Each structure stands twice: as structure tokens, then as C-alpha cells.
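We number each residue from 1, following the sequence as shown. Everything quoted here is computed from the prediction, not taken from an experiment.
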Amino acid sequence: AQILKSFKVLKDQQLIATLKADSKLTGTVKNPTLTLNASGDNLDLMGQKIGSASLKALYQNKKTVIDSFLVTLDSKNIIQAKGWIDQNQNQNQTNSRQKKSNSKQSPKFKLDILSNGVDLTLIESLKKSDAVKAVASGSITAEGSFDSIKSSKVDADISLKQVTLMNKPF
């Protein structure tokens with residue numbers, strides 16, 4: 001967990017878990033290639049209980065590819081994700097003399113999340129409330145650039161089943 005604390009996404013977050021990782025680093029200092037297989041059991045991230053999680057990822061040519069990220073809350077409640085972040089900077093050509101200028105652009109990304117069903121009462125922040133109980137399923141796709149939210153796109157297709165509001169079937 002100490003290694004994970006160096007990632008900004010988990011900065012100042014409490015993570016309790018049994019983690020295993022297998023990685024391979026090849027390539028050059030300027031162009032490294034890293035393969036990573038990581039898994040964890042009995043995770044507790046800021047109070048959210050997660051039965052297990054696994055990640056298969058590759059970093060090569062300034063592009064991170066998440067082949068598989070699987071989060072299992074319990075045997076029937078699974079969330080799958082895959083995607084990529086491309087950190088390559090585009091070189092744009094300008095004017096008729098074909099001068100090249102390095103146009104700094106933020107990394108581009110794409111993330112796909114899919115679940116056949118997650119019982120919302122397993123989510124710690126919703127567990128204590130009787131306002132909504134349901135099973136959510138569907139997919140979310142996000143893609144774009146880290147430059148601006150306006151230049152990014154999110155598509156979602158989510159359905160709720162077995163819905164109760166204030167302890168009454170909906």
C-alpha cells in the first residue's frame with residue numbers, strides 16, 4: 001500500500017488491503033515498457049469494502065493501457081473497466097514552410113466501465129440510507145483530453161432494478 005500512496009489519486013486516502021503485484025520493466029530509460037499485474041483481497045478504501053480487485057496494465061511508448069480492471073464487491077456484484085491514457089505530445093505543422101512546432105497538449109484518455117449488476121446497498125455511503133435501494137447495471141464510456149472537461153465526452157447507459165424509495169417499491 002505504500003507504493004500506492006505515491007499515486008495522486010490515492011493521496012491522503014486510507015487504504016487497507018492485502019496486495020500482490022507482478023511487474024516487468026524493459027526498454028530504455030527514455031522509452032521504458034512496464035507490464036503490471038496486481039491484485040488485492042479484502043480491500044477497505046475509506047470505509048468502502050471491496051472483496052477483491054485485479055489490474056492488468058501495460059505502459060509503452062508513453063501510453064498506458066488498462067487491459068482489465070476488475071472490482072468484485074462480492075460474488076454477484078462485479079464492476080469491470082478497461083481503457084487507456086496516451087501521453088504522446090502531437091507535433092503540429094504550421095505555415096507553408098512546414099515548420100514544426102511542439103504544441104503541448106494534455107494526455108488523451110478513454111475509459112469503459114461495465115457492470116451486469118451492483119447492489120447499491122453494498123456502497124458504504126448509501127448503505128446507511130433507506131432513501132434508495134436498487135441494483136444498478138449498465139455501462140459508462142468516457143473519452144477525451146485532460147485539457148478541458150468541455151472537450152471530453154461521457155456516454156452512459158444505466159438501468160436500475162428492484163428499486164425502493166423510502167422503503168416502498170417503485
Side-chain angles (χ1 to χ4, degrees), residues 1-15 17 19 21-40 43-48 50 52-73 77-118 120 122-126 134 136-160:
Q2 187 64 27
I3 294 171
L4 291 177
K5 287 186 178 181
S6 67
F7 290 109
K8 288 181 182 178
V9 94
L10 294 176
K11 185 179 179 184
D12 300 325
Q13 307 301 323
Q14 183 180 6
L15 173 66
L19 300 174
D22 178 30
S23 62
K24 181 179 179 182
L25 180 62
T26 59
T28 65
V29 172
K30 289 186 178 183
N31 191 18
T33 298
L34 173 68
T35 56
L36 174 66
N37 293 310
S39 63
L43 292 96
D44 184 328
L45 178 60
M46 297 175 18
Q48 177 61 55
I50 300 171
S52 66
S54 64
L55 170 69
K56 292 181 182 180
L58 170 70
Y59 177 82
Q60 184 175 37
N61 298 323
K62 296 184 179 181
K63 185 172 183 177
T64 302
V65 176
I66 300 168
D67 290 319
S68 170
F69 182 55
L70 188 65
V71 176
T72 305
L73 300 175
N77 295 271
I78 299 169
I79 302 167
Q80 303 171 36
K82 65 180 181 175
W84 52 263
I85 299 172
D86 190 347
Q87 296 173 314
N88 287 301
Q89 301 296 321
N90 292 341
Q91 289 188 328
N92 295 330
Q93 295 182 350
T94 59
N95 73 34
S96 62
R97 294 183 188 165
Q98 302 294 318
K99 290 182 183 178
K100 290 185 180 179
S101 66
N102 286 332
S103 174
K104 293 276 184 174
Q105 295 182 355
S106 71
K108 298 196 180 324
F109 68 90
K110 181 172 183 186
L111 177 65
D112 296 313
I113 303 170
L114 170 71
S115 179
N116 289 330
V118 172
L120 297 182
L122 293 175
I123 298 173
E124 291 299 323
S125 60
L126 298 175
S137 61
S139 63
I140 301 171
T141 297
E143 63 182 308
S145 170
F146 288 111
D147 278 333
S148 167
I149 297 295
K150 293 178 184 177
S151 67
S152 299
K153 176 177 134 181
V154 177
D155 289 321
D157 181 12
I158 299 173
S159 64
L160 297 175

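Residue Leu15 holds its CG atom at 6.0 Å from CG of Leu45, rounded to the nearest 0.5 Å. To the nearest 0.5 Å, atom CD of residue Glu143 and atom NZ of residue Lys110 are 5.0 Å apart. Once rounded to the nearest 0.5 Å, the distance linking CG of Leu19 with CG of Leu55 reads 11.0 Å. If you take CD1 on Ile50 and CG on Leu73, they are separated by 6.5 Å, rounding to the nearest 0.5 Å. Atom-to-atom distance recorded for Leu111:CG and Lys82:NZ is 11.0 Å, nearest 0.5 angstrom. In this structure, Ile85 CD1 and Lys108 NZ are separated by 13.0 Å, a value rounded to the nearest 0.5 Å.
In terms of modelled atom types and a separation under 3.5 Å, the side chain of Asn88 and the main chain of Asn61 share a donor-acceptor contact. With hydrogens and angles ignored, the 3.5 Å screen pairs a side-chain donor or acceptor of Gln48 with a backbone N or O of Leu122. The backbone N or O of Trp84 lies less than 3.5 Å from no partner atom in the side chain of Thr64, so there is not a single donor-acceptor pair.
A pairwise comparison of heavy atoms in Asn37 and Lys56 identifies OD1-CG, 3.1 Å as the closest pair. Residue Leu126 comes nearest to Leu120 through the heavy atom pair CB-O, 3.6 Å, listed as atom of the first residue, atom of the second, then distance. Of all heavy-atom pairs between Ser152 and Ser145, the closest is OG-O, 3.1 Å. Of all heavy-atom pairs between Ala17 and Leu43, the closest is CB-CG, 3.7 Å. Nearest heavy-atom pair, Ser115 versus Ala136, reported as atom, atom and distance to 0.1 Å: OG-O, 4.4 Å.
With sequence neighbours excluded, the residues satisfying salt bridge (Lys or Arg N to Asp or Glu O under 4.0 Å) with Lys153 are Asp155. Applying the side chain to side chain contact (heavy atoms under 4.5 Å, CB included) criterion to Ser125, with sequence neighbours excluded, gives Ile123. Annotation: side chain to side chain contact (heavy atoms under 4.5 Å, CB included) contacts of Ile78 (sequence neighbours excluded): Leu70, Thr72, Gln80.
Between Asp67 and Val65, some side-chain heavy-atom pair lies under the 4.5 Å cut-off.
There is no side-chain donor-acceptor pair under 3.5 Å between Ser137 and Asn116.
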